[in-house]
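The block underneath contains the structure these notes are about, expressed in structure tokens.
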Amino acid sequence: MGVVARARAHLNRRSALARRAAAEVAKLWARVDRGDIAASWQASLPAALTVVESAQAIAAASAGTYLDDLLDGYGLDEGAEGRVNVARLSGIASDGRGLDSLLFQPAVSALRTIRRGGTPAQALASGRFAAELIVRTQVTDAGRTADGVALVARPQLAGWVRMLSLPSCARCVVLAGKWYRWSAGFLRHPACDCVAVPAPEGDPADIRTDPAKAFRALDFAEQDRVFTAAGAQAIRDGADISQVVNARRGIETPGGATTAAGVTRAGLAGRRLQGRARLLPEECYRQAGGSRERALYLLRLHGYLL
């Protein structure tokens with residue numbers, strides 16, 4: 001199996017996991033009492049947390065196997081400077097806040113809909129949409145963050161290439177196939193299902209996804225839907241996709257620099273971080289200043305690598 005096929009299989013497994021977790025949380029949301037939305041959803045939060053934390057842990061646990069599988073696909077020797085600590089990547093939101101706080105947002109969304117004059121049915125629909133979006137995003141982010149930590153721990157791989165999961169939005173299409181150093185943050189929007197394909201220096205051209213090819217893979221109706229009718233016609237007439245699409249609008253790296261979640265006295269991170277916030281992996285990379293050795297030190301210090 002080639003590198004692209006291995007990466008797509010990994011993406012598909014993670015996407016399916018995120019969808020299953022979202023469906024389970026949606027079932028819990030269906031029990032909400034429309035007459036007491038906040039309190040009834042609060043009562044279901046422990047069960048929702050269990051679903052999401054478990055899915056995050058499963059998503060993160062696959063990172064090491066995935067990276068070793070890719071090394072095999074490239075014909076490179078396996079070997080890592082450490083293994084991903086799954087416990088550090090579950091039970092926490094990608095912006096650093098506690099997952100329980102984020103998972104209460106569907107109730108906030110529902111109540112906001114009511115305050116704006118919406119019906120109870122519309123409010124519950126708004127809450128369900130928010131719940132599913134949050135769950136899919138957090139499970140995917142946990143897996144992607146774990147992939148990034150596992151990549152830093154494998155010096156055989158110099159960086160990664162962004163690969164689409166078609167159909168994709170216009171913002172993602174224009175970023176397809178771009179090469180990033182191992183320390184670069186992953187630009188994504190909520191529920192983004194693109195995948196970073198780790199690769200060695202001088203990565204093979206066949207793992208790069210060409211935005212123009214991705215555009216041409218869509219039929220005219222889908223091109224018009226994703227890029228707008230005017231934008232799609234401009235691209236068909238020869239305009240540069242990146243000039244038509246504002247790629248940065250609504251797309252960002254996971255926010256936040258630190259988290260207080262999961263800081264305990266156990267292990268290296270616990271002993272050195274008593275009473276202090278723990279850096280998120282993306283902040284570890286930023287503070288490393290391009291030094292892989294420093295990044296590995298920070299990832300171990302903050303408990304992401306064992």
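These numbers come from the heavy atoms of this one structure, side chains and all, not from hydrogens, waters or symmetry mates.
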Give me the atom names and distance for the closest heavy-atom approach of [X] to [Y].
{"X": "Val139", "Y": "Ala21", "result": "CG2-CB, 4.2 Å"}
{"X": "Tyr66", "Y": "Val197", "result": "OH-CA, 4.0 Å"}
{"X": "Ala107", "Y": "Ala38", "result": "CB-CA, 4.4 Å"}
{"X": "Pro198", "Y": "Tyr74", "result": "O-OH, 2.7 Å"}
{"X": "Asp33", "Y": "Ser40", "result": "N-OG, 3.0 Å"}
{"X": "Thr140", "Y": "Arg136", "result": "OG1-O, 2.8 Å"}

Whether [X] side chain and [Y] backbone form a donor-acceptor pair below 3.5 Å:
{"X": "Gln156", "Y": "Gly79", "answer": "yes"}
{"X": "Ser109", "Y": "Gln105", "answer": "no"}
{"X": "Asn85", "Y": "Gly303", "answer": "yes"}
{"X": "His302", "Y": "Leu279", "answer": "yes"}
{"X": "Gln287", "Y": "Cys284", "answer": "no"}
{"X": "Glu81", "Y": "Leu296", "answer": "no"}
{"X": "Asp69", "Y": "Thr65", "answer": "no"}
{"X": "Arg292", "Y": "Val152", "answer": "yes"}

So, taking the atom named [atom1] in [X] and the one named [atom2] in [Y], what distance separates them when rounded to the nearest 0.5 Å?
{"X": "Arg286", "Y": "Leu280", "atom1": "CZ", "atom2": "CG", "value": "12.0 Å"}
{"X": "Leu67", "Y": "Asp72", "atom1": "CG", "atom2": "CG", "value": "12.5 Å"}
{"X": "Ile134", "Y": "Leu99", "atom1": "CD1", "atom2": "CG", "value": "9.0 Å"}
{"X": "Asp100", "Y": "Gln42", "atom1": "CG", "atom2": "CD", "value": "8.0 Å"}
{"X": "Asp147", "Y": "Arg14", "atom1": "CG", "atom2": "CZ", "value": "5.0 Å"}
{"X": "Leu306", "Y": "Arg83", "atom1": "CG", "atom2": "CZ", "value": "4.5 Å"}

Determine whether [X] and [Y] make a side-chain contact, defined as any pair of heavy atoms from C-beta on separated by less than 4.5 Å.
{"X": "Gln56", "Y": "Val86", "result": "no"}
{"X": "Val161", "Y": "Tyr180", "result": "no"}
{"X": "Leu71", "Y": "Asp68", "result": "yes"}
{"X": "Ser54", "Y": "Thr50", "result": "yes"}
{"X": "Arg88", "Y": "Leu305", "result": "no"}
{"X": "Arg128", "Y": "Glu132", "result": "yes"}
{"X": "Ser94", "Y": "Gln138", "result": "yes"}
{"X": "Val84", "Y": "Tyr304", "result": "no"}

Shared hydrophobic cluster for [X] and [Y] (ILVMFWY, side-chain gaps under 4.5 Å):
{"X": "Leu124", "Y": "Leu45", "answer": "yes"}
{"X": "Leu111", "Y": "Trp29", "answer": "yes"}
{"X": "Ile58", "Y": "Ile92", "answer": "no"}
{"X": "Val51", "Y": "Leu133", "answer": "no"}
{"X": "Val108", "Y": "Ile114", "answer": "yes"}

Problem - Chi angles and distances behind the side chain to side chain contact (heavy atoms under 4.5 Å, CB included) call for Tyr285, Leu298 - result: CA-CA 8 Å; Tyr285 308 150; Leu298 289 172; over 6 Å; no

Exercise for the section: Kindly check if the number of other-residue, nucleotide or ligand heavy atoms within 6.0 Å of CZ (Phe129) is above 12? Expected result: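 No, the 6.0 Å shell around CZ holds no more than 12 heavy atoms from other groups.
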
Exercise for the section: Test Leu70 against every option in Arg154, His10, Arg6 by the side-chain contact (heavy atoms from CB on, under 4.5 Å) rule and name the one that passes. Expected result: Arg6

Practice task
Answer yes or no: is there an ion pair linking Arg20 with Glu24, defined by an N-O contact shorter than 4.0 Å?
Solution key: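 No, no charged N to carboxylate O under 4.0 Å.
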
Exercise for the section: Under the side chain to side chain contact (heavy atoms under 4.5 Å, CB included) rule, what do Glu282 and Thr145 come out as? Steps first, then yes or no, please. Expected result: CA-CA 8 Å; Glu282 293 76 15; Thr145 299; 3.7 Å; yes

Exercise for the section: Examine Trp182 together with Trp160 and report whether their ring centres are nearer than 6.0 Å. Expected result: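 Ring centres of Trp160 and Trp182 not closer than 6.0 Å.
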
